[in-house]
Engineer: 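Sharing a structure below in structure tokens format, with a few things to ask.
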2 protein chains.
Amino acid sequence: MTSISLKDIAKKAGVSVGTVDRVIHNRGNVSAKFREKVLDVLNEFEYKPNLMARGLANKKNYRIAALIPSHEVDPFWKLPLQGIRKADNHIKNFGFKIDLYYYQDGLDKDLLKVGMQIFEHEYHALLIAPVIKDEASIIFTECEKRQIPYVQINTFINRKSDLFLSFVGQDSYCSGKLAAKLFDFGTQDGDTLLILHLEREVYNSEHLIQKEQGFRDYFKTKNKKNIHISQLSFSDLESEEKRQAFVSYALKQHPKLSGVFVTTSKLHYIINDFIDNSTSSLNFIGFDLLDENLNHLSNDNALFLINQNPTQQGYLGIMTLFNHIIHNATIEKTQHLPIDVVMKENAAFYMHRQNHVVEVN
Amino acid sequence: MTSISLKDIAKKAGVSVGTVDRVIHNRGNVSAKFREKVLDVLNEFEYKPNLMARGLANKKNYRIAALIPSHEVDPFWKLPLQGIRKADNHIKNFGFKIDLYYYQDGLDKDLLKVGMQIFEHEYHALLIAPVIKDEASIIFTECEKRQIPYVQINTFINRKSDLFLSFVGQDSYCSGKLAAKLFDFGTQDGDTLLILHLEREVYNSEHLIQKEQGFRDYFKTKNKKNIHISQLSFSDLESEEKRQAFVSYALKQHPKLSGVFVTTSKLHYIINDFIDNSTSSLNFIGFDLLDENLNHLSNDNALFLINQNPTQQGYLGIMTLFNHIIHNATIEKTQHLPIDVVMKENAAFYMHRQNHVVEVN
DNA sequence: TATATCACTGTGGGCGCACACAGTTATAAA
DNA sequence: TTTATAACTGTGTGCGCCCACAGTGATATA
């Protein structure tokens, strides 16, 4: 009934627990004969260490660095941070310590600068949101040189190294497709749909490109309603004047506009400008359950928000590192989170979702 | 840095660990003076027991009974079962053992008969899917007499007892509203929408009533498109002849029918009959990610499936009992799971969702 | 032969907690 | 006063594991 213990293994193999321990941890100093014997018994009885006992005895400390954009610049990053904190709580009693590093997204070279500080300390693993590809790549190279395993969240940047354990995030292409399908369902013949990137350097942001591609591809395969797709970029969100100018321009350019697909969490910046300036009614699809966006949901303005599960991204990212370190588990290189379709009617259920787990403390 | 231990508390309170232990577990035999002192120190330092040490030391065994409909009758119940199994894995090293009891839904009094078998053994808690209200109520009464705490999943039956810890499931009313909103988005002026209950004794199934009510209430508050709502029930799903007859009748009755809302997971039984017999194109909304339903999603037929998160229901239900027993945690009486809107484009992400947790073994 | 070195193996303490049991004091009864 | 009883309080053991350290032989060196 009760699972097999180290001592049991030792007895069955005719050695002491110390020897079994040495075999399990590859500490050496074990004769080939015994080593083999122990390995056999270990296998035969499918020995699984008792993690509670291990955790108790093992005073080893594992340190993880987490590098994400500051939530003071973009409130979106509060959510992954929450997930990281939750994971921290769940694993801290196994001797894990997470240090947070924030970089200013938008401030030139800040990802790189803050990232390099990490290497001034000894870390066993790194969680990173590699928003800026070029700078992140330098960090990755450094990790690989120092043999530090890492997990990417939110943004995927391909690396060949074994130290790149996993990407945790959304499937951007699919989310674009999904947005298109929703609009297709609720749009009249001959209408125009606008893809709106509210970021600089779109060409350098793989996930935005993917979303647009998915959106376009959907209508490439089926477009019975003869819907017209357009695309614009704009990033001076803080200036009301410029926003207004941009929106009037966009509306003038697209007289039959019926829907706007904003590819980031920044729909809330500009939705009112569209509503105020448009003569006809518009549908909106944006991303992420920020308070700012949710307000518009309850106002019946934005029809759909696509939830990228950012909190889960942080949580899963850390847990992936934990499982790698503790269990040496094999891990999927890509861990896609669900693409939740959120409307006024079901938003509440996505807000304070619990992670019911075995709480250790 | 490292969290505070029993011994620390003992020292600070000027007593031995035994006394602190007695206070914590309310074992009595502690003078009022010391009891208060220890309680103060406990509070001041926010003592949290180390669950690893506790788990190691505590050889106590907890037994949980789980009573759900057999998945041989309705494949839906495979999903909650999966969740229960997963939870079992996560907590078995804390000395928890789950025994499964299956009853035949539809077989008269079987819930009651199988349920009463549970009381032939000693259980610390019960998880139950109380599909049949009258029979389940007798089980609840027995639990209350024997002081066995229980959690309901899937179906909610209100009880005043403190032993009724929580209901884990969907908010049926909201899911009805959500279905209405989706149809509203994609429906033309003057169309008809049909609410379809594919069950017997609808009047006795609270969750079906709730779904219908939510659906109707949505259009009560806003019906700019002047959409007509109708309702039908049908349950002879195995007979092709009767299905055909029913569907022709339904279509004839509703010439402007554009959408069908099936309130259970049984959309797959009847969707083809509708498609084959209808001259115009129809939209469908149903429940649950059964393989049978998913096939239709990928065929572009059923537009939306609402996911009730049945696997999570099983998982959360067990974890709720676990947390109650181990942490004596206060628990929300109602734990609503998200109402996921599932389309062809995001279905895959809901299929094999992981629960990343601290795996103890 | 005595001694140092090496390769290996077993032993024991301790992680934080639960619980049985032994020890201590106060109170009531003889 | 002595004894029995009750009301406390402290001590010690073990859960399964990790790891430092103390052995034990065998072989090489002085």
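Note that this is a predicted model, so its numbers are computed, not measured.
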Engineer: Measure across B:Ile139 and B:Phe119 and return the closest heavy-atom pair with its distance rounded to 0.1 Å.
Structural biologist: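 Looking at all heavy atoms of both residues, the shortest contact is O-CZ, 3.9 Å.
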
Engineer: For B:Asn29 and C:dT24, what is the distance between atoms CG and P respectively, to the nearest whole Å?
Structural biologist: 18 Å

Engineer: Would you mind telling me which residue lines up with the more 5' stretch of DNA chain C, B:Ala53 or B:Val17, judged by nearest nucleotide?
Structural biologist: B:Ala53

Engineer: B:Asn61 has an atom CG; how far is it from atom P of D:dC15, in whole Å?
Structural biologist: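 My rounded result for the distance is 15 Å.
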
Engineer: For the residue pair A:Thr320 and A:Asn323, confirm or rule out a side-chain donor-acceptor distance under 3.5 Å.
Structural biologist: no

Engineer: Could you tell me the separation between the CG atom of A:Asp8 and the C1' atom of D:dG16, rounded to a whole number of Å?
Structural biologist: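 The answer, rounded to whole Å, is 10 Å.
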
Engineer: Assuming nearest nucleotide by heavy-atom distance, tell me which of B:Ser31 and B:Asn58 is located more 5' along DNA chain D.
Structural biologist: B:Ser31

Engineer: How long is the line joining CZ of B:Arg22 and P of D:dT9, in whole Å?
Structural biologist: 8 Å

Engineer: Closer than 4.0 Å, any side-chain N/O of B:His25 to the OP1 or OP2 of C:dC19?
Structural biologist: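 No, outside the criterion.
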
Engineer: Which whole-number value in Å describes the distance from B:Asn50 CG to C:dA18 C1'?
Structural biologist: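 The distance from CG of B:Asn50 to C1' of C:dA18 comes to 13 Å, rounded to the nearest Å.
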
Engineer: Output the rounded distance in Å from NZ (A:Lys7) to P (C:dT11).
Structural biologist: 12 Å

Engineer: Without decimals, in angstroms, what is the distance between A:Lys11 NZ and C:dT11 C1'?
Structural biologist: 17 Å

Engineer: Measuring to OP1 and OP2 of D:dC8, would you say a side-chain N or O of B:Thr19 lies under 4.0 angstrom away?
Structural biologist: no

Engineer: Are any of B:Arg54's side-chain N or O atoms less than 4.0 Å away from OP1 or OP2 of C:dG16?
Structural biologist: no

Engineer: Quick one: B:Ile4 CD1 to C:dG16 C1', roughly how many Å, whole number?
Structural biologist: 13 Å

Engineer: Quick one: is C:dC19 close enough that its OP1 or OP2 comes under 4.0 Å of any side-chain N or O from B:Arg27?
Structural biologist: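 Yes, because at least one side-chain N or O of B:Arg27 sits under 4.0 Å from OP1 or OP2 of C:dC19.
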
Engineer: Over 60° means perpendicular and under 30° means parallel, so tell me whether A:Tyr62 and A:His124 are parallel, tilted or perpendicular.
Structural biologist: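 A:Tyr62 and A:His124: perpendicular rings.
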
Engineer: Classify the angle between the aromatic ring planes of A:His121 and A:Tyr101 as parallel (below 30°), tilted (30 to 60°) or perpendicular (above 60°).
Structural biologist: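 Aromatic pair A:His121/A:Tyr101 classed tilted.
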
Engineer: Counting heavy atoms from C-beta on, name the nucleotide in C:dC17, D:dC18, C:dT9 closest to the side chain of A:Asp21.
Structural biologist: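 Looking only at side-chain atoms, A:Asp21 lies closest to D:dC18.
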
Engineer: Report yes or no: do B:Arg35 and B:Thr19 form a side-chain donor-acceptor pair below 3.5 Å?
Structural biologist: no

Engineer: D:dG16 phosphate, OP1 or OP2: any side-chain N/O from A:Tyr47 under 4.0 angstrom?
Structural biologist: no

Engineer: Using heavy atoms to find the nearest nucleotide of DNA chain D for B:Leu56 and A:Gly18 separately, return the residue whose nucleotide is more 5′.
Structural biologist: B:Leu56

Engineer: Does D:dG10 have OP1 or OP2 under 4.0 Å away from a side-chain N or O of B:Ser16?
Structural biologist: yes

